[in-house]
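Below is one structure, written out as structure tokens, with a few remarks after it.
Everything quoted here is computed from the prediction, not taken from an experiment. In listed order, ligands and their atoms are each counted from 1.
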Amino acid sequence: MKTAKLANSYRVDDGKHFRLKDFDPADTGHWHSVEEAKDQVQKDITRMEELQAMLYAQDRWSLLLIFQAMDAAGKDGTIKHVMSGVNPEGCEVHSFKAPSETELQHDFLWRTTQDLPERGHIGIFNRSYYEEVLVVRVHSAVLDSQLIPKSLITKDIWKERFEDIHGFERHMARNGTVIRKFFLHLSKKEQKRRFLARLDEPEKHWKFSEADIHERNYWDDYQEAYDEMICHTASKHAPWYVVPADNKWFTHLVVAAAIVETLEELDLCYPKVDAAKLKEIQAARKLLGKK
Ligand code: ATP
Ligand code: MG
């Protein structure tokens, strides 16, 4: 069956043998077109709405969804589309740009920690602490601008950061935050096509950034950094999904399926009320009936 655990083919929960080049950004699995996928995405969005209502009412688990990608891979569009059914009251999106002066006064997990979802909520990180092993790794000047004591910056720094992230995510998982991480895997060719489209379409001009074109020069370094990041931080308690991103409709399909599959695995249910509460409900019904 096409939909059974659709997202599993893209899930990495042990990075030992992981190689990014084994994943094709243009892959669409057994699916052929946006028309074909539309119904399934809609079904998943509806089911997500039901599951989120229980997550919220139960107030035990929280769900953290992390999105990382090269520019123009479709993070924003995916978040907007896939989360369109959820109740905004129980869902927060946070975007992380270059750190502020205050944020640089703290360790690299500090700023994102403050935005972690509370129980019953879904938190979405559009970029995250993973930038600390991506842009910070690709551009050594960024690491230099952090205020870390020089003696602590050694050749082991990336290995140490991977370990710390792994430990942090394990801690979160052990306390009821379910973490799912999405790398939207875009090809260099498709990125170029999307950048050109931004130049050609006036409504997309606001999205154009010269810096994005500059970052493209570091494409291979970024791919290497993503590869290592996934190798070292994919785990059972916080798996990565390497989501093909050359076709937006397929990205939406996989991400929606992954979220539904994750929520279905939790023991979500509405809280049961006790006998005293049931009595109160009966009394209230009587009272309302009289008026
Ligand atoms: P858009 O899709 O709208 O372009 P974006 O997420 O790319 O959204 P930008 O403002 O274009 O947002 O870029 C944010 C920038 O902030 C990225 O270049 C990212 O690498 C950078 N950034 C994020 N976290 C860090 C960090 N910890 N240290 C340095 N730079 C960071
Ligand atoms: Mg950008």
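Considering each of R127, E132, R111, the one bringing a non-hydrogen atom nearest atom 24 (N) of ligand 1 is R111. Checking Y130, F96, F208 against atom 23 (C) of ligand 1, the nearest heavy atom belongs to F96.
Among the backbone and side-chain atoms of D71, an N/O/S atom is found under 2.8 Å from the Mg ion (ligand 2).
Using the six-membered ring where Trp is involved, H139 and H214 have ring planes that are parallel, under 30° apart on the 30 and 60° scheme.
Here CG of D221 is found 11.5 Å from CG of L134. Values are rounded to the nearest 0.5 Å. Taken to the nearest 0.5 Å, the CH2 atom of W240 stands 12.5 Å off from the SG atom of C231.
Considering backbone and side-chain N/O atoms, S128 never comes within less than 3.5 Å of an N/O atom of ligand 1. Taking only nitrogen or oxygen atoms, main chain and side chain alike, D212 does not reach within less than 3.5 Å of ligand 1. An N or O contact shorter than 3.5 Å links A98 to ligand 1 by distance. Every N/O-N/O distance between N126 and ligand 1 stays at or above 3.5 Å.
Closest to atom 26 (C) of ligand 1, if we only count protein heavy atoms, is P99 CD, 3.4 Å. Protein heavy atom nearest atom 19 (C) of ligand 1, with residue, atom name and distance: E131 OE1, 3.6 Å. Atom 4 (O) of ligand 1 has as its closest protein heavy atom D71 OD1, 3.9 Å. The protein heavy-atom contact nearest to atom 3 (O) of ligand 1 is D76 OD2, 3.7 Å.
By the 4.0 Å heavy-atom criterion, H139 is excluded from the residues contacting ligand 1. Assignment of K207 to the shell around ligand 1 is not supported, since no heavy atom sits closer than 4.0 Å.
Close contacts of ligand 1 with K75, meaning ligand atoms under 4.0 Å from a residue heavy atom, involve 6 (O). The V135 neighbourhood of ligand 1 comprises atoms 20 (O), 29 (C), 30 (N), 31 (C), with distances under 4.0 Å to a heavy atom of that residue.
For an aromatic pair to be called close, the ring centres must be under 6.0 Å apart, and H166 with H237 satisfies this. Taking the six-membered ring for Trp and the full ring otherwise, Y226 and H185 have centroids separated by 6.0 Å or more. For F168 and Y129, the ring centers sit closer than 6.0 Å to each other. Residues Y10 and F250 bring their aromatic ring centres within 6.0 Å.
Neither the backbone nor the side chain of E215 has any atom closer than 4.0 Å to an atom of ligand 1 (non-hydrogen atoms only). Using a 4.0 Å cut-off between heavy atoms, V142 contacts ligand 1 through its side chain alone, with no backbone atom that close. The parts of K97 lying near ligand 1 are both backbone and side chain, judged by heavy-atom distances below 4.0 Å.
Of the residues listed (R216, R137, E215), the one engaging Y222 in a side-chain hydrogen bond (donor to acceptor under 3.5 Å, both in side chains) is E215, and it is the only one. Exactly one of D71, D76, D115 qualifies for a salt bridge (charged side-chain N to carboxylate O under 4.0 Å, His left out) with R127. That residue is D71.
A cation-pi contact, defined as under 6.0 Å to the ring centre and within 45° of the axis, links R161 to F108.
There is no protein heavy atom closer than 4.0 angstrom to atom 11 (O) of ligand 1.
Taking all atoms of both residues into account, the shortest heavy-atom contact from Y241 to R180 is CE1-CD, 3.7 Å.
Side-chain contact check for H30 and E36: no donor-acceptor pair (N or O, by modelled atom type) lies under 3.5 Å.
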